[in-house]
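Throughout, a chain's letter reflects where its sequence line sits, starting with A, and its residues are numbered from 1. Below, all heavy atoms of this structure are taken into account, side chains as well, without hydrogens, waters or symmetry copies.
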Amino acid sequence: MRYLLLIISLVLVGLQTTSAFTAETVTLNSGNTAWILTSSVLVLFMTLPGLALFYAGLVRSRNIISTTALCYGIAAVVSIVWFVCGYSFSFSGEGKYFGNFAKLFLDGVTVKSLSGDIPEILFVVFQMTFAIITPALIVGAYVERIRFSSALIISVLWIIIVYAPVAHWVWGGGWLAKMGVMDFAGGLVVHTTAGVSAIVIVLMLGSRKRFPGGIEPPHSPILSTIGAAMLWVGWYGFNGGSALAANGNAAMAVLVTHISASAATVTWMIIDWSRHGKPGIVGMITGSIAGLATVTPASGYIGPMGGLILGVLSGGVCYYSVILIKTKFKIDDSLDVMAVHGVGGMLGTLLAGVLATEAFGGLGLGKVTVGAQTSVQIIGIISVALISLVGTYIICQIVKGLGGLRVSEKEEIAEGLDFGSHGEREYNI
Amino acid sequence: MRYLLLIISLVLVGLQTTSAFTAETVTLNSGNTAWILTSSVLVLFMTLPGLALFYAGLVRSRNIISTTALCYGIAAVVSIVWFVCGYSFSFSGEGKYFGNFAKLFLDGVTVKSLSGDIPEILFVVFQMTFAIITPALIVGAYVERIRFSSALIISVLWIIIVYAPVAHWVWGGGWLAKMGVMDFAGGLVVHTTAGVSAIVIVLMLGSRKRFPGGIEPPHSPILSTIGAAMLWVGWYGFNGGSALAANGNAAMAVLVTHISASAATVTWMIIDWSRHGKPGIVGMITGSIAGLATVTPASGYIGPMGGLILGVLSGGVCYYSVILIKTKFKIDDSLDVMAVHGVGGMLGTLLAGVLATEAFGGLGLGKVTVGAQTSVQIIGIISVALISLVGTYIICQIVKGLGGLRVSEKEEIAEGLDFGSHGEREYNI
Amino acid sequence: MRYLLLIISLVLVGLQTTSAFTAETVTLNSGNTAWILTSSVLVLFMTLPGLALFYAGLVRSRNIISTTALCYGIAAVVSIVWFVCGYSFSFSGEGKYFGNFAKLFLDGVTVKSLSGDIPEILFVVFQMTFAIITPALIVGAYVERIRFSSALIISVLWIIIVYAPVAHWVWGGGWLAKMGVMDFAGGLVVHTTAGVSAIVIVLMLGSRKRFPGGIEPPHSPILSTIGAAMLWVGWYGFNGGSALAANGNAAMAVLVTHISASAATVTWMIIDWSRHGKPGIVGMITGSIAGLATVTPASGYIGPMGGLILGVLSGGVCYYSVILIKTKFKIDDSLDVMAVHGVGGMLGTLLAGVLATEAFGGLGLGKVTVGAQTSVQIIGIISVALISLVGTYIICQIVKGLGGLRVSEKEEIAEGLDFGSHGEREYNI
Amino acid sequence: MKLITAIVKPEQAENVKQALNKIGIRGITMSEVKGYGRQKGHTEFYRGSEYEVAFLPKTKLEIAVSGKTYKKVIDTIQKTARTGKIGDGKIFVTNLVSVVRIRTGEKGDKAI
Amino acid sequence: MKLITAIVKPEQAENVKQALNKIGIRGITMSEVKGYGRQKGHTEFYRGSEYEVAFLPKTKLEIAVSGKTYKKVIDTIQKTARTGKIGDGKIFVTNLVSVVRIRTGEKGDKAI
Amino acid sequence: MKLITAIVKPEQAENVKQALNKIGIRGITMSEVKGYGRQKGHTEFYRGSEYEVAFLPKTKLEIAVSGKTYKKVIDTIQKTARTGKIGDGKIFVTNLVSVVRIRTGEKGDKAI
Ligand SMILES: Nc1ncnc2c1ncn2[C@@H]1O[C@H](COP(=O)(O)OP(=O)(O)O)[C@@H](O)[C@H]1O
Ligand SMILES: Nc1ncnc2c1ncn2[C@@H]1O[C@H](COP(=O)(O)OP(=O)(O)O)[C@@H](O)[C@H]1O
Ligand SMILES: Nc1ncnc2c1ncn2[C@@H]1O[C@H](COP(=O)(O)OP(=O)(O)O)[C@@H](O)[C@H]1O
């Protein structure tokens, strides 16, 4: 009898806890919702106009409209793909490798559905802004020579074939999530996929005609700086919003993000200064972006000292990666997507476990050992790199078959893609 | 005795619930307040610098300061008018047609006053940002030839004579609100008023001297693209903030807004591509704005499929409206305020009822039939168009009497308005 | 029995209330947290890219990268200083004059620490964005001639020697706070320190070589206008966020900020118009910034009528201060940091007490008399000006000893600082 | 052959081009220049400071013509560029020793 | 001494410069101009409206050369600027009365 | 009449203008050009890559003068544009066949 009572009471407590837990998860928290709405604004702002300007300033002046139009056009088509199937493939169902078809056209996602304590529809929007920026990042690899239509088709296919699976693996409850991979805001999902795919596309597309000898310097460092500043500011929402709440976790993610960006800016600046005698603004902003990309996967797990370490490391590692890829390997990843985002994202993913330990002021790994966690991180990096490589290769083959990847040589060299592909010119002063 | 206790406790519970409920409606919700503060920031950002840049890139380079100064100056003077009387005329009292004088100088609106569960003063600010952008939208109609002082005076009078009454009718509890007109975020109040008034001003002011033959192409498509991107991003606050809460309704408004913008961008791009062989960035961004304006009135009532439909429709309808007004009717609504905002806003208002039905994935119309609702919508459109037409006509007559509407021909053709009206020049490189 | 029940229930209610109350003060408020996260984004945005653009447009085209790099570089290094010691020196401990070393490297500030009802780490971030913008404001004084490295070192020392003490005095519980000085968002901490230090640096550094005769006009009024608009928008977070909550106080701060900016814009415009016959955009935006700086210290205490008064006053006072300092005293405070920020900040601080009275629609001074409060305000202004003067003088002496403050004459006059100091050129069209 | 260089007001350039077109001129090279002359520059004010702007925007047209047509060309330019206000600009004429069409290598009048 | 003025396609300018360098030319002055000629301009469309763009971007190279070398210079420019498509541009040659090197005050051939 | 074309360092242009003004020259046409010469260009680095910038910014001044004054003008330019460092630029002089003032149709010396 006593045992019976005990059991019953335990069950009751259990139920209560459960129901309490359930209750907590089923009420909308307006503060968290406000912050994720804001974060969605910020992440969209990173692409439009942030990234577009960052990239547009780095190309030559005859390709500025083309570069901007690529970012803009990709944002528009990917948004529609996300609504049609991207969200469902990424976040619907319990599949190990893929989402499912249940939420095609956001079927069943109503104004009242919740995801945690924010509206599910808001989670759809927030994730959409990530799906927008990721293929837009890749634009940096193939600017100044790609056919506009091909880039749009590549991006659409890429969301379905590469991005959605990876998002599912890591954030949608897939196999990597189950293994406990740590990727707070997209070191794998965003930066590793973008970086690896960038290299694949470049290898299939070829270099710009005058690469490496005849490339012009960035035509407007200031335009790029405006873009970089917007990216930096927007990253508060990118990493801070990935807490999916307005709390200490979000604030800490924002702080470490900012510290990493600052440290990487200073590091890159110092290297430039000591190598060339002068610290250029293009170097400083590139450092910032490296620091931001690198801290992304770790941002919700580490403390400010971890942010500082990642910042300094990323400033150095990405700097020399640019030289390695562009100058040594002569791969025309034109605006250094792999060297800055890919390498940064992988570096941050690799070190997320280590820097999350209390020793480095992180939030701790719970019962997992650093070694075990780091193994999972490495598995994550390799598997995500692999699917990006294979997926993007297949996509390029398809699009090549559909009509080619490049604009004509005349357009590339003589008239520029602004007029050639878009019929417009900037600077009609 | 037991019954008594029971009754008492029930009553108490009842009271508590009631008071809890009452409390809920009279207590400030910090999450909602946070989101509406953010939304106010976003809507102000749409005008400064968003709209200013969007417009400045489309004019010729000698009128860029003039175009920007118009947006900037209007923002400043309208803000003061809003504080002095605009808010009171729009949102004070229960009048059928007009607000009243009770809240002149925001009399009685204290730090503690609430409007729903947000501070009333915040509602004042949020609505102010709408009052700022609406006359600033009209700037697009009359750039490159209007006298700066005349434009400021027109805007001040316009807020009082056109905007405040319409805001009162639709959002301030006036006769259209009582009929149940659906205008979530300003299809009528903002876009229809701006579009119709634009045409009236143009007809009274006349075309630019070289119109249509000698008009230069947009001098900086990139500047306009930056502006358009800011408008897009800010529109999350425009439509999402109009829920006056951080909840599923706000999130859904943001999603449908984004989908409509994307769909309209793609639609406009495809039409341009098929007509001229190339997709220009100016077309793409114009499409975005058309999609954003069109979804505005419907954004809080429809689902994403409704957003897609509105986006596609607006891309097509606004495209041909531009041609109709500019090329066929030869009306120099210079930056297409009527074709993009007016037509878009009316289209969205017209279809809000239909697309709000469950059949289109909307939130439903409750007990009202689609037909009844659509009749109300049509009444709304006609009446708002009418007051805009008459009101703006009267205003133009007044200002014409005060000293004319146009700058001198020499200023318009030779020196440009930047130097002529503002004594400054851009691009001192 | 009934009494017993009543007592028990009352006690229970009491307990509940108490615990509820306690809970309220120690529990994180997600709405407030959301708004301060957003405000941090906004204040960072004010510097990057807001202020950078505002300043970059006002210099000549050969110094645009230099001006931008100064803002950008200072933001990066100051962020690290803030993390290392700035926060601890400003906000740790109960010292009368200085903070302490307890929170070096943010020691002890965890994800769970609260500051009021927001995460302490968020307070760290929000305050960091203020520490970033303040030395960046001073950039305007010394552009077009300072050595990049010297400016970075000056800024680092300045945060420690001038900014941190003042922040501690006014906001960190120091002696001025204890006296009850009113500085809601930085009239003293940000604008007075920046303005006074600006003058000191200019006097030690010297004028630009061609000053006053051969100075070129602002090379891009539009770039400056974009920056000013971003500053205006960001100021919603600067002043509104200083309420540290999403409530009526924040909303009122936003409103009065906006009204002051608008009124100052119009005032400056009218003075320009009547003096030179034309209202220039550079004047309008300068007016806005003057209005924003001036209302800053008072923004949380006054009503909209107070905002209007401050706006009109600042437009006039700052206008003539520019002329006084530049034209009369021939001090080359190049972009008018003292005249706009310093004078504005002091004016607003001086009048904060008066305008906070109910007579001017303010929130009231409680038991303090206007005279008493104003005396405290004056003590605040004098003491903050004094430490800025002395501190900055010492810093300049140190940096002068380290290798000089200026670039070479050849660099200043012939090649420009963009190429000379950064090896880069803007406008490679 | 002559090289005619005309400095005109920017807003008149289109007029001149069209008029030249009508008299059979098929080639023009244009550039933006700044001119200083009898026409006063102007004063700009920024934040209360004066800035003298001595040089005003002008458009330079360069046209290579054969010895026969050059008088007519000068005449046409002078008439269509003229507004009658100070600052209308100048026409300079120099002798051309040789003209080559890069595409074909043709020389002399045929190359124009 | 002659002043050679070449109007070439912008994308050919670098080629020409390098070729001139090889034949010993050490001084060039370059500027961006707009050209109108046999090569058709193009039509741009913005929001459904047509804009005729008659003037295309060209690069102008000015080179002062001694009387002896000028033929070779013309030849080199003509060959390296040539793409064979319409719009390749022109070379104009005028006589130089005098050349001065500002730094030294040297005159004539030595100043080039 | 002569057409004097001076290529000078941009930072010297204002000096030259003022000096010319003093000796009574009332008309100048100015433009931004890029120059290549003995003065070395420079190398820029962006993201670790080198970019050679061969052409440096120069200012071109064109001044039509009467046969009598042109020597004095050349002299003035040479003296005031000079910094003594390499890259100071050149002065080119060509003969003017004719000058027309567009506003009045005046020809020759009166038109200058
Ligand atoms: N002597 C000159 N040499 C070169 N350019 C000149 C000369 N005089 C005038 N110009 C050019 O012609 C333009 C108009 O000349 P200006 O004296 O202002 O008026 P106008 O031609 O009506 O007498 C000037 O802005 C300048 O570009
Ligand atoms: N008569 C001319 N005078 C001055 N410039 C000319 C003349 N004819 C051609 N040009 C310049 O040469 C460029 C090329 O000329 P165009 O007639 O288009 O082709 P092509 O040189 O192949 O015949 C033009 O854009 C213009 O800049
Ligand atoms: N032969 C030339 N033809 C045309 N322009 C020249 C020539 N030589 C020099 N220049 C112009 O003069 C400028 C200065 O010449 P440079 O040889 O660098 O120095 P310096 O004049 O001191 O000898 C060059 O940048 C170029 O614009």
R425(B) backbone acceptor or donor facing D418(B) side chain under 3.5 Å
no

Note each donor-acceptor pair with a separation under 3.5 Å, taking one atom from chain B and one from chain E.
residue : atom : partner : partner atom : Å
T286(B) : OG1  : R47(E)  : NE           : 2.9
T286(B) : OG1  : R47(E)  : NH2          : 3.2
L335(B) : O    : R47(E)  : NH1          : 2.9
D336(B) : OD2  : R47(E)  : NH1          : 2.9

Got L292(B) and F238(B) here, is their nearest side-chain heavy-atom distance under 4.5 Å?
no

Of all heavy-atom pairs between G50(B) and L231(B), which one has the smallest distance, and what is that distance?
C-CG, 4.3 Å

Where does the angle between the aromatic ring planes of W235(B) and H191(B) fall among parallel (under 30°), tilted (30 to 60°) and perpendicular (over 60°)?
parallel

Looking only at non-hydrogen atoms, find the nearest pair between I285(B) and V282(B) and report the distance.
CG1-O, 3.3 Å

Under 4.5 Å between any side-chain heavy atoms of F92(E) and I7(E), yes or no?
yes

Can you name the residues of residues 192-202 of chain B that have some heavy atom under 4.5 Å away from a heavy atom in chain E?
none

Region of I215(B) that comes under 4.5 Å of a non-hydrogen atom in chain E
both

With a 4.5 angstrom heavy-atom cut-off, is it the side chain or the backbone of L335(B) that approaches chain E, or both, or neither?
both

Please evaluate residues T392(B) and I138(B) with respect to the criterion side-chain contact (heavy atoms from CB on, under 4.5 Å), reporting the C-alpha separation (whole Å), side-chain torsions for both, the decisive distance (0.1 Å), and the verdict.
CA-CA 11 Å; T392(B) 309; I138(B) 306 178; over 6 Å; no

Report the C-alpha separation of C318(B) and V322(B) in whole Å, then their side-chain angles, then the decisive distance to 0.1 Å, and conclude whether the side-chain contact (heavy atoms from CB on, under 4.5 Å) test is met.
CA-CA 6 Å; C318(B) 295; V322(B) 169; 5.6 Å; no

Step by step, work out the side-chain contact (heavy atoms from CB on, under 4.5 Å) result for H258(B) and W232(B).
CA-CA 8 Å; H258(B) 186 90; W232(B) 187 332; 3.2 Å; yes

Of R145(B), R62(B), R406(B), which is the lone residue that meets salt bridge (Lys or Arg N to Asp or Glu O under 4.0 Å) with E412(B)?
R406(B)

